[in-house]
2 protein chains.
Amino acid sequence: MKKRPSTVCPIVYALDIWGDPWSLVILRDVLIHNKRHYREFLASRERISTNILSARLQSLVDAGLLVKTEGDSNRAQTMYRPTQKALDLFPVVFAIMHWGLKYNPNTDMTIPIMQELTTNEKGLELRLLQNFEDVTS
Amino acid sequence: MKKRPSTVCPIVYALDIWGDPWSLVILRDVLIHNKRHYREFLASRERISTNILSARLQSLVDAGLLVKTEGDSNRAQTMYRPTQKALDLFPVVFAIMHWGLKYNPNTDMTIPIMQELTTNEKGLELRLLQNFEDVTS
DNA sequence: TAAATGTACTTGCATATCGCAAGTACATGA
DNA sequence: TCATGTACTTGCGATATGCAAGTACATTTA
């Protein structure tokens with residue numbers, strides 16, 4: 001992703017941070033599927049490759065959306081957790097999901113989130129936010 | 001932008017259509033700044049290059065977000081208008097703008113839209129939609 | 001009416017980014 | 001000790017992008 005210099009437009013600012021094809025997939029996994037570990041992101045259906053995953057995690061940390069905590073003497077404990085700045089993307093992610101739900105005929109409606117999104121979005125958001133009480137409190 | 005085959009995830013579906021760094025800039029110009037012509041998109045602050053603009057307009061037409069109408073015997077009349085599928089991105093665009101407003105310290109608050117977004121989002125959306133009554137009616 | 005200008009593109013080319021496969025360094029488990 | 005797992009990095013060919021230039025057609029200006 002190219003870096004546009006400081007922009008005056010909030011949309012371009014956002015795109016410069018997570019407007020590539022992969023960052024939002026990672027953020028979706030963090031926010032909605034409660035993933036924390038490198039191995040979990042790798043396992044997503046979309047099959048992100050390791051070099052890209054590594055680079056995107058790094059850039060999301062640099063942009064202040066994720067915080068990386070490394071376990072002492074065990075790399076398997078490395079975790080990526082969202083900051084408030086990432087949690088504030090919930091409305092964006094939900095809006096995108098609404099749009100995708102309307103127009104993607106292949107959406108898998110058996111994913112529990114999908115039903116709840118249409119029937120009880122606010123409740124869904126509050127429930128998901130409970131995964132991050134350490135951040136929000 | 002790579003094409004992932006048909007996805008089951010509404011977010012990935014959306015990203016495959018407008019998840020590149022430029023499509024949303026064009027859609028912003030169509031939806032919010034009421035632009036219709038190639039020359040108007042070219043004039044944006046972000047300085048999209050002609051080959052990219054041409055390719056993105058084409059892919060947005062292919063994805064059913066824009067409709068291209070060519071003037072008879074005058075290319076200067078060529079217009080790109082949003083479909084309902086594009087108008088349904090208003091909530092997405094607004095959500096992104098809210099996030100960008102919160103975190104981009106360089107946002108130009110003198111752009112009239114910015115004030116209105118925070119004080120009267122629904123009114124703003126309705127007013128902007130009046131630009132597209134031919135689509136929505 | 002000839003020349004200049006504008007518009008919507010396409011083309012070429014250097015560079016950046018990506019997908020994929022493989023390798024690395026360290027830790028745990030059998 | 002040997003296999004396995006985890007979080008990466010590296011190499012390389014393929015794709016996408018940025019930039020400059022060119023093209024074809026229409027209108028405007030002199």
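Numbered from 1 within each chain, the chains take letters A, B, ... in sequence-line order.
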If I take atom CG in residue B/Leu42 and atom C1' in nucleotide C/dG6, what distance separates them, rounded to the nearest angstrom? 12 Å

Rounded distance (Å) that lies between atom P of D/dA7 and atom CD of A/Gln58: 15 Å

Separation of C/dA8 P from B/Gln77 CD (nearest whole Å): 10 Å

Is any side-chain N or O of B/Arg47 closer than 4.0 Å to OP1 or OP2 of D/dC19? no

In whole angstrom, give the distance that lies between atom CG of B/Asp20 and atom C1' of C/dC18. 15 Å

Spatial distance of atom CD (A/Gln77) from atom CD (A/Glu70) [nearest 0.5 Å]: 11.0 Å

Ignoring backbone atoms, establish whether A/Arg39 has a side-chain N or O less than 4.0 Å from OP1 or OP2 of D/dA7. yes

d(CZ, B/Arg56; P, C/dC9) in whole Å: 15 Å

5'-most contact on DNA chain C (nearest-nucleotide basis), B/Glu40 vs B/Asn51, goes to B/Glu40

Between P on C/dT7 and OH on B/Tyr80, what's the gap in Å once rounded to a whole number? 14 Å

Against the side chain of B/Thr50, the closest entry in D/dT17, D/dA21, D/dC8 is D/dA21

Atom-pair distance (OH on A/Tyr38; P on C/dT24), nearest Å: 16 Å

Polar pair under 3.5 Å, donor/acceptor by atom type, side chain B/Thr78, base C/dT7: no

Check whether any side-chain N or O of A/Ser49 sits under 4.0 Å from OP1 or OP2 of C/dG19, and answer yes or no. yes

Within the structure, does a side-chain N or O atom of A/Trp22 lie under 4.0 Å from either OP1 or OP2 of C/dG19? yes

Over how many whole Å does the gap from B/Ile52 atom CD1 to C/dA14 atom C1' extend? 14 Å

Heavy-atom count check: over 12 atoms from other residues, nucleotides or ligands less than 6.0 Å from B/Arg36 CZ? yes

Would you please say whether a donor-acceptor pair under 3.5 Å links the side chains of A/Asp16 and A/Thr7? no

In this structure, would B/Ile113 and B/Leu129 fall into the same cluster of hydrophobic residues linked by side-chain contacts under 4.5 Å? yes

Quick check for you: to the nearest 0.5 Å, what is the distance between B/Met97 atom CE and A/Tyr13 atom OH? 15.0 Å

